[in-house]
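Numbers for residues simply follow the sequence, beginning at 1. Nothing here was measured: the structure is a model prediction, and the numbers come from that model.
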Amino acid sequence: MSYADKIFIKMCKDILANGTSTAGEKVRPSWPDGTPAYTIKQFGVINRYDLAKEFPILTLRRTALKSATDEMLWIWQAKSNKVGDLNSKIWDEWADKNGSIGKAYGYQMQVKHQYKEGLMDQVDRVIYDLKNNPFSRRIMTNIYVHQDLHEMNLYPCAYSMTFNVMQKKGTDKLTLNAILNQRSQDILAANNWNVVQYSVLVHMLAQVCGMEAGELVHVIADAHIYDRHIPIIEELIERKPFEAPAFWLNPEIKDFYQFTRNDVRVDGYETGPQVEGIPIAV
């Protein structure tokens with residue numbers, strides 16, 4: 001069993017057994033038929049993944065590695081808010097008539113800020129500091145910008161990354177760790193998707209900065225399972241898991257802006273059957 005499966009199963013069982021129901025509350029999300037989308041939720045879920053030991057992709061069902069990577073690169077590399085720049089349709093329902101999601105996600109990553117070293121956006125600042133000030137405790141990004149929220153078609157869910165570099169005993173290479181902060185997460189639809197894409201990001205940044213990937217710590221303020229997802233989750237966590245596959249990242253790429261979705265791969269990836277037709281609350 002992969003460690004990602006163990007974490008996912010334990011988390012889901014805990015939410016279902018000990019979570020709080022929002023049934024009857026005034027909730028914002030609804031199902032396509034207009035019915036309120038209630039959840040069972042837990043506050044402050046923290047999961048840790050050691051990327052040096054295993055790539056945390058679920059085997060209970062398949063997670064689309066290339067599509068997850070594509071969305072991450074859309075935000076962090078293309079710094080785009082145009083859904084036409086994606087190779088999938090996952091953002092289409094939040095796009096306006098011009099195909100934009102407003103001042104959200106990638107838009108915030110391309111905004112340049114004044115530093116003593118000059119004008120840089122958040123991504124370039126992270127890369128600069130990892131290369132020049134690796135032991136700084138100030139290497140982070142934040143796309144939850146209050147002054148722009150009214151112009152975002154969806155408030156950021158995964159909104160902040162904090163990077164921390166360590167020198168482990170017995171190795172010359174530095175180790176890159178990161179914390180992903182998320183205000184809210186749909187556990188069935190998005191949990192492993194986000195874990196996978198930010199694990200890929202840590203691997204990519206570590207490689208281009210001459211480091212090794214260390215831990216990804218995932219902090220979820222509101223970890224929830226939607227009411228219509230409960231039977232799907234119950235079936236999913238009873239499945240037979242498989243061993244974690246081997247992760248491959250193209251070792252030839254030394255510039256973050258040269259990575260593509262085709263520079264990642266998982267070998268020996270066995271999974272249970274795909275879950276089709278997951279209803280999405282909006």
K.L.:
Could you check if a side-chain atom of Y198 sits within less than 4.5 angstrom of a side-chain atom of I179, using non-hydrogen atoms only?
P.N.:
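In short, these two side chains do not touch, never coming nearer than 4.5 Å.
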K.L.:
Checking the side chain of T22 only, and the main-chain atoms of T39 only, is there a donor and an acceptor separated by less than 3.5 Å?
P.N.:
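Checking the backbone N and O of T39 against the side chain of T22, a donor-acceptor pair under 3.5 Å is found.
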K.L.:
Is the number of heavy atoms from other residues, nucleotides or ligands under 6.0 Å of K79 NZ greater than 12?
P.N.:
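Atom NZ in K79 is crowded, with more than 12 foreign heavy atoms closer than 6.0 Å.
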K.L.:
Is there a side-chain contact between Q182 and L180, using heavy atoms and a 4.5 Å cut-off?
P.N.:
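Answer yes - side chains close enough.
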K.L.:
So, E215 side chain and L51 main chain: donor-acceptor pair closer than 3.5 Å or not?
P.N.:
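No: the side chain of E215 does not pair with the backbone of L51.
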K.L.:
Under 3.5 Å, side chain of N81 to main-chain N/O of G106, donor-acceptor pair present?
P.N.:
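Between the backbone of G106 and the side chain of N81 there is no qualifying donor-acceptor contact (under 3.5 Å).
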K.L.:
Give, for atom NZ of K168 and atom CG of L174, the distance between the pair rounded to the nearest 0.5 Å.
P.N.:
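K168 atom NZ to L174 atom CG measures 11.5 Å (nearest 0.5 Å).
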K.L.:
Would you call Y107 and D148 a side-chain contact if the rule is heavy atoms closer than 4.5 Å?
P.N.:
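In short, these two side chains touch, coming nearer than 4.5 Å.
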K.L.:
Which heavy atom of W76 sits nearest a heavy atom of F256, and at what distance?
P.N.:
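So the two residues come closest at O-CE2, 3.6 Å.
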K.L.:
For the atom pair NE2 (H218) and CG (N192), what is the distance rounded to the nearest 0.5 Å?
P.N.:
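Here the rounded value is 10.5 Å.
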K.L.:
A side-chain contact here means heavy atoms from C-beta on lying under 4.5 Å apart; do N164 and I139 qualify?
P.N.:
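Not in contact.
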K.L.:
Could you measure the distance from the CD1 atom of I101 to the CG atom of N153? Nearest 0.5 Å is fine.
P.N.:
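Between I101 CD1 and N153 CG, I get 7.0 Å after rounding to 0.5 Å.
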K.L.:
Are S136 and D129 close enough that a side-chain donor and a side-chain acceptor fall under 3.5 Å?
P.N.:
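Their side chains do not contain a donor-acceptor pair, so the 3.5 Å distance test is not met.
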K.L.:
Check whether any side-chain N or O of Q207 sits under 3.5 Å from a backbone N or O of K254 as a donor-acceptor pair, and report yes or no.
P.N.:
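It does not hold such a pair.
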K.L.:
Just by distance, do the side chain of E235 and the backbone of R239 share a donor-acceptor pair under 3.5 Å?
P.N.:
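Pair absent, no side-chain N/O of E235 close to backbone of R239.
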K.L.:
Which heavy atom in T271 sits nearest to a heavy atom in F242, and how many Å separate them?
P.N.:
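Looking at all heavy atoms of both residues, the shortest contact is C-CE1, 3.6 Å.
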K.L.:
Between S21 and I40 (side chain of the first, backbone of the second, donor and acceptor by atom type, cut-off under 3.5 Å), is there such a pair?
P.N.:
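Here the side-chain-to-backbone pair does not exist.
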K.L.:
Does F135 CZ have over 12 foreign heavy atoms under 6.0 Å away?
P.N.:
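Counting neighbours around CZ of F135, more than 12 heavy atoms of other residues, nucleotides or ligands fall under 6.0 Å, so yes.
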K.L.:
Would you say the side-chain atoms of H224 and Q185 include a donor-acceptor pair closer than 3.5 Å?
P.N.:
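The criterion, which ignores hydrogens and geometry beyond distance, is not satisfied for Q185 and H224.
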K.L.:
How many angstroms lie between CE in M152 and CG in L149, if you round to the nearest 0.5 Å?
P.N.:
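One finds 5.0 Å between CE of M152 and CG of L149.
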K.L.:
Of all heavy-atom pairs between P241 and L60, which one has the smallest distance, and what is that distance?
P.N.:
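Scanning both residues, the minimum pair turns out to be CB-CD2, 3.9 Å.
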K.L.:
Work out which heavy atom in V27 is nearest to a heavy atom in A37; give both atom names and the distance.
P.N.:
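Closest approach of V27 to A37: CG2-O, 3.9 Å.
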K.L.:
With the 4.5 Å side-chain cut-off for hydrophobic clustering, are I225 and I46 part of the same group?
P.N.:
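Different clusters: I225 never reaches I46 through Ile, Leu, Val, Met, Phe, Trp or Tyr contacts under 4.5 Å.
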K.L.:
Could you grab the distance from atom OH of Y3 to atom CG of N47, nearest 0.5 Å is fine?
P.N.:
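Taking OH in Y3 and CG in N47, the distance rounds to 8.0 Å.
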K.L.:
Looking at Y128, is its backbone amide N or carbonyl O close enough to the side chain of N132 to form a donor-acceptor pair, meaning the two atoms are under 3.5 Å apart?
P.N.:
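The answer is yes, because a donor-acceptor pair under 3.5 Å joins these two groups.
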K.L.:
Just so I know, are the side chains of K13 and N18 near enough to count as touching, which here means a heavy-atom distance under 4.5 Å?
P.N.:
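Counting from C-beta outward, K13 and N18 never come under 4.5 Å.
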K.L.:
Between N87 and D70, do the side chains contain a donor N or O and an acceptor N or O under 3.5 Å apart?
P.N.:
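Yes, side-chain donor-acceptor contact under 3.5 Å.
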K.L.:
Return yes if a side-chain donor-acceptor contact under 3.5 Å exists between T59 and D5, otherwise no.
P.N.:
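Per modelled atom types, T59 and D5 side chains form a pair under 3.5 Å.
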K.L.:
Could you tell me which residues satisfy salt bridge (charged side-chain N to carboxylate O under 4.0 Å, His left out) with D263, sequence neighbours excluded, listed by chain and number?
P.N.:
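With sequence neighbours excluded, D263 shows a salt bridge (charged side-chain N to carboxylate O under 4.0 Å, His left out) to no residue whatsoever.
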K.L.:
Can you check whether Y155's main-chain N or O pairs, donor with acceptor, with R183's side chain at less than 3.5 Å?
P.N.:
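Pair found, side chain donor or acceptor close to backbone of Y155.
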K.L.:
Any idea which heavy atoms bring M204 and T69 closest together, and the distance?
P.N.:
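Taking every non-hydrogen atom into account, CE-CG2, 4.1 Å.
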K.L.:
Please test N181 against Y144 for side-chain hydrogen bond (donor to acceptor under 3.5 Å, both in side chains), starting from the C-alpha separation and ending with a verdict.
P.N.:
CA-CA 11 Å; N181 279 297; Y144 203 91; over 6 Å; no
K.L.:
So, do F55 and V200 sit near enough that their side-chain heavy atoms are less than 4.5 Å apart?
P.N.:
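Yes, at least one pair of side-chain atoms sits under 4.5 Å.
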K.L.:
When you compare the side chains of N98 and S100, does any donor N or O come within less than 3.5 Å of an acceptor on the partner?
P.N.:
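Side-chain D/A pair, N98 to S100: absent.
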K.L.:
So, Q110 side chain and D121 main chain: donor-acceptor pair closer than 3.5 Å or not?
P.N.:
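Flag not set: sc Q110 to bb D121 has no pair under 3.5 Å.
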K.L.:
Would you give the length of the straight line joining atom SG of C12 to atom CD1 of I7, rounded to the nearest 0.5 angstrom?
P.N.:
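Reported to 0.5 Å precision, the distance equals 11.5 Å.
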K.L.:
For D96, what residues pass the salt bridge (charged side-chain N to carboxylate O under 4.0 Å, His left out) criterion, not counting sequence neighbours?
P.N.:
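Partners of D96 under the salt bridge (charged side-chain N to carboxylate O under 4.0 Å, His left out) test: none.
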K.L.:
Using ring-ring contact (aromatic ring centres under 6.0 Å, His included), reason through H203 and F247 one step at a time and then give a plain yes or no.
P.N.:
CA-CA 10 Å; H203 274 285; F247 177 70; 4.7 Å; yes
K.L.:
State, to 0.1 Å, how close A189 and I280 come at their nearest heavy-atom pair, and which atoms those are.
P.N.:
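Of all heavy-atom pairs spanning A189 and I280, the closest is CB-CD1, 3.9 Å.
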K.L.:
Give a yes or no on this: more than 12 heavy atoms of other residues, nucleotides or ligands lie within 6.0 Å of atom CG of D33.
P.N.:
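Result for CG/D33: enclosed.
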K.L.:
Give a yes-or-no answer on whether the side chains of E71 and Q197 include a donor-acceptor pair shorter than 3.5 Å.
P.N.:
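Note: E71 and Q197 side chains meet the donor-acceptor criterion.
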K.L.:
Is it the case that one hydrophobic cluster holds both L201 and L249, taking links as side-chain heavy atoms less than 4.5 Å apart, direct or via other members?
P.N.:
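Per the 4.5 Å side-chain linkage, L201 and L249 are co-clustered.
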K.L.:
Does a side-chain heavy-atom distance below 4.5 Å link I233 with I230?
P.N.:
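They are not in side-chain contact.
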K.L.:
A cation-pi test, strictly: NZ or CZ of R125 under 6.0 Å from the centre of the six-membered ring of Y115 and no more than 45 degrees from its axis. Yes or no?
P.N.:
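Yes, a cation-pi geometry holds between R125 and Y115.
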K.L.:
Would a distance-only check, ignoring hydrogens and angles, find a side-chain to backbone donor-acceptor pair under 3.5 Å from Q274 to R62?
P.N.:
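Side chain of Q274 to backbone of R62: a pair is present.
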K.L.:
When the ring centroid of W31 is compared with that of H229, is the distance short of 6.0 Å?
P.N.:
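Yes; H229 has its ring centre under 6.0 Å from that of W31.
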K.L.:
Determine, stepwise, if the pair K173 / E212 fulfils salt bridge (Lys or Arg N to Asp or Glu O under 4.0 Å).
P.N.:
CA-CA 7 Å; K173 269 195 171 184; E212 295 178 340; 5.2 Å; no
K.L.:
For the pair W74 and W91, name the ring-plane relationship: parallel under 30°, tilted 30 to 60°, perpendicular over 60°.
P.N.:
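Geometry flag for W91 against W74: tilted rings.
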K.L.:
If we count only N and O atoms by modelled type, under 3.5 Å, do the side chains of D222 and S184 hold a donor and an acceptor together?
P.N.:
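There is no such pair between these side chains.
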K.L.:
If the condition is salt bridge (charged side-chain N to carboxylate O under 4.0 Å, His left out), which residues does D186 pass it with, not counting sequence neighbours?
P.N.:
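For D186 there are no salt bridge (charged side-chain N to carboxylate O under 4.0 Å, His left out) partners, ignoring immediate neighbours.
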K.L.:
Check whether any side-chain heavy atom of N177 sits under 4.5 Å from a side-chain heavy atom of F163, and report yes or no.
P.N.:
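No; the side chains remain at least 4.5 Å from each other.
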